[in-house]
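Notes for the one structure printed next.
Chain naming here is simple, since letters A, B, ... match the order of the sequence lines and numbering starts at 1 in each.
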Protein chains: 2
Amino acid sequence: MSRKIFVSAKEVADRAGVSRSAVSRTFTPGASVSEETRRRVSEAAEALGYHVNHLARGLMRNESGIVCLIVSELDTPYRASLIRALTGQLQSASKIAMLINTDRSDDSVDQALRQAISYRADASIILSGMPDKSITDLCLKSGQRLVLINRDEDRDGALMINLNDREAARRSFIALLRAGCRNFAFANSEAMTPSLMAREEGFCAAGREHGLEVTVERFGSTTYQSGVVLAQRLLTREKRPDAIFCVNDLLACGLMDTARHQFNLAIPSELCVVGFDDIEQASWSSYNLTTFAQPVEQIAAEAVTWLDQVTSAEANSRRLDAELVWRGSVRGG
Amino acid sequence: MSRKIFVSAKEVADRAGVSRSAVSRTFTPGASVSEETRRRVSEAAEALGYHVNHLARGLMRNESGIVCLIVSELDTPYRASLIRALTGQLQSASKIAMLINTDRSDDSVDQALRQAISYRADASIILSGMPDKSITDLCLKSGQRLVLINRDEDRDGALMINLNDREAARRSFIALLRAGCRNFAFANSEAMTPSLMAREEGFCAAGREHGLEVTVERFGSTTYQSGVVLAQRLLTREKRPDAIFCVNDLLACGLMDTARHQFNLAIPSELCVVGFDDIEQASWSSYNLTTFAQPVEQIAAEAVTWLDQVTSAEANSRRLDAELVWRGSVRGG
DNA sequence: CTGCTTGTTGCACTCGCTTGCAAAAATAGG
DNA sequence: CCTATTTTTGCAAGCGAGTGCAACAAGCAG
């Protein structure tokens, strides 16, 4: 099956009785074309079903319009909503998203970036994992923009978008304290990414400041299932926590379900829970979870705006606020 | 900021002391190159950080390796998991996914397909919405493959993947009947897509066969919020249903939460619920929802396999089975 | 009518790669 | 050692677009 059936600018030119340059100019904003030729070209293009070949255009202009989204576990609620925001805003900026799934091997983030280079992507946005420095250097050297979201590691020349994880965690401690809680616990995964660790450290630091001990438990990855296990571990301790900060909402859901159905605990009267991300499920009435909202649209906006800027030398690090969303999993409020 | 910093085949050729063609052949599987030159070329390429320009390659070969995923509300659990499966399998087949978000108007699907044509995508996979026939014809005429998932509308030349919605709905009716339910209801959205309607029709047909009436209620889109509203409408009827088939899981979650928290109904003893999709949340202990699993991996496999086939003339329609997943939202089992 | 400015248009070159073709090199056969 | 065959290699012609440059037409002042 040959695929050379796409209609080319030449054909449009012939039909409109003009040169190929004319049709090229018609589709290039700001080029010099008379109203008359533009009309005739557009007409011919419409009739033939002509569409500019972005591959060829990208080749000439050295600007493909492609932005790679590099992500693992993209069906996770928070990730999915971030992808949605990013694709939406990229499209509004007339760029297009390429999605690279890095679920498989570990060096696959590197592989993904190689793909991005191969397709001459204008930029890559990394939502998970951390590529090798040699690769990111290659990207930057090649003139590809790089955005790291919640990666919190330094890469000169890349834009790094992070949240104020520490501060959020501190605020949640205070909220729990005000709610009258005294036995604090932090439910974390073993993923140990910088942003997750910042939440843990922020929470523990707040505890120390108030002279209160914080039980830290870590298990698995940031999933519902891990929440189940963490609940089992935390709630069987001799000094049962009455306040648990979960490193993300998914985990919090698992923990809450287990606390209720397996330990018959009432939330928030016997146990207060705070999560992070504000995924859709957090607002469901079974959870009604007090949490910190990831400003996904704002994150996407920062990233996309930065991509459109000519100069990228200065201030390539943003720290955004995760806003506290009060719901019913904490007393008072 | 100029971006012409990517290293080209010419540079690699110079460094390796061979011709451009040699480096091109080194990266073309099955081309005739001696072991010696291949080694020298690879070495030079590695040193320079060379990566084949897929834009140019696609231009020559008339085969970009790009597959467009056209989807709306991609942060919905079912959609997200389908996207994950598709991107994963596409990558295994050494293709790459372009993601186009069609959140806005309905003709945005048409726009998306135009984008696909512009990037000379080898194929487009449509997960939501239905494009105009004129556009799909243009795609097909241009030699672009087209896959429609759960769209259930005829488009000659495209691959259509659907589930046995009717049959699944019928099975769920029987299951509910066996569970001792007598007042059946069907909770649907107003989206009225063919696959959703097929579920409704299948369920109602089964009701008629058993001489039992089925209350049908439709509201909004297939979201949690719609489930809330539908619960309020259905559970305030004078003849309160004791069995509700929800057109998808998301809606079922909203309905269950409302039934429990607002109407104080026990599930499954006072109300049995069946959903559709088997999203992750269906397995969470708050829901523990009996549902039909979308065979996402299988759907993705069918799509990707078909894309690799040379001949596409025959049998371009697949109907897959949604398997019943028994959980606790229906008595017995 | 001439000279000059402004605006359009076409030619031809370029982007980075693949590939048919024919020349060159390596290998085999006698 | 020579010829026939098989690899390997380089040349050059594309692929489909954008764009500098020069030619050309139109409009205007003098």
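For A:T28, the side-chain atoms get nearest to D:dT19 when compared with the rest of C:dC17, D:dT19, D:dG10. The side chain of A:A22 has C:dG10 as its nearest neighbour among C:dG10, D:dA17, D:dG18. Closest contact between the side chain of B:A56 and the listed nucleotides C:dG16, C:dG10, C:dT19 involves C:dG16. Checking C:dG16, D:dG10, D:dA17 against the side-chain heavy atoms of B:S8 singles out C:dG16 as nearest.
In this structure, the CE atom of B:M60 is 10 Å from the C1' atom of C:dG20, given to the nearest Å. The CG-P distance, from B:N62 to C:dG16, rounds to 20 Å in whole Å. One interatomic measurement links the two molecules: CZ of B:R25 to P of C:dC21, which rounds to 13 Å at whole-angstrom precision. Per the geometry, CZ belonging to B:R61 stands 17 Å off C1' belonging to D:dG16, to the nearest Å. The CZ-C1' distance, from A:R20 to D:dT19, rounds to 11 Å in whole Å. Going from atom CG of A:L55 over to atom C1' of C:dT18 covers 14 Å, rounded to whole Å. Distance A:N53 CG to C:dG16 P: 16 Å, rounded to the nearest Å. The CZ-C1' distance, from A:F6 to D:dG16, rounds to 12 Å in whole Å.
Between B:F27 and A:E36, the residue anchored closer to the 5' end of DNA chain C is A:E36, taking for each the nucleotide with the nearest heavy atom. Mapped onto DNA chain D by nearest heavy atom, A:H51 and B:R38 fall at different nucleotides, with B:R38 at the one closer to the 5' end.
With hydrogens and angles ignored, no donor-acceptor pair closer than 3.5 Å exists between the side chain of B:S19 and the base of D:dC11. In terms of polar N and O atoms assigned as donor or acceptor, the side chain of A:S21 comes within less than 3.5 Å of the base of C:dC11 in a complementary pairing.
Between B:T37 and D:dT8, a side-chain N or O to OP1/OP2 separation shorter than 4.0 Å is absent. For A:S34, a side-chain nitrogen or oxygen approaches OP1 or OP2 of C:dT9 to under 4.0 Å. Of the side-chain N and O atoms in A:S32, one or more sit less than 4.0 angstrom from OP1 or OP2 of C:dT8. When the side-chain nitrogen and oxygen atoms of B:R57 are compared with OP1 and OP2 of C:dT18, one or more of them lie within a distance under 4.0 Å.
Residues A:F6 and A:N53 have side chains not in contact (no heavy-atom distance under 4.5 Å, counting atoms from C-beta outward).
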Could you check A:E36 against A:R39 for salt bridge (Lys or Arg N to Asp or Glu O under 4.0 Å), going step by step and ending with a plain yes or no? CA-CA 5 Å; A:E36 166 64 5; A:R39 194 187 53 70; 3.4 Å; yes
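Side chain of A:R318 to backbone of A:L159: no donor-acceptor contact under 3.5 angstrom is found.
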Counting only pairs under 3.5 Å, give me each side-chain donor-acceptor contact of residues 130-138 of chain B, with atom names and distances, residues two or more places apart or in other chains.
| residue | atom | partner | partner atom | Å |
| --- | --- | --- | --- | --- |
| B:D132 | OD2 | B:S134 | N | 3.1 |
| B:D132 | OD2 | B:S134 | OG | 2.7 |
| B:K133 | NZ | B:D137 | OD1 | 3.1 |
| B:K133 | NZ | B:D137 | OD2 | 3.3 |
| B:T136 | OG1 | B:K133 | O | 2.9 |
| B:T136 | OG1 | B:R155 | NE | 3.1 |

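Within 6.0 Å of CD in B:E46 there are 12 or fewer heavy atoms belonging to other residues, nucleotides or ligands.
Taking CD1 from B:I100 and CD from B:Q115, the interatomic distance works out to 5.0 Å, rounded to the nearest 0.5 Å.
If you check the side chains of A:N101 and B:T87, you find a donor sitting under 3.5 Å from an acceptor.
A:S24 comes within contact range of at least one nucleobase, with a heavy-atom separation under 4.0 Å. Here A:Y50 lies in heavy-atom contact (under 4.0 Å) with sugar-phosphate atoms only. Residue-level contact check: A:V33 touches the backbone only, with heavy atoms under 4.0 Å from sugar-phosphate atoms and none from bases.
Summary of helix geometry: the two end axes of the helix from C:dC1-D:dG30 to C:dG30-D:dC1, each defined by five base pairs via their C1' atoms, are inclined to each other by 40° (rounded to 10°).
Residues B:K141 and A:I5 come closest through the heavy atom pair O-CG2, 3.3 Å.
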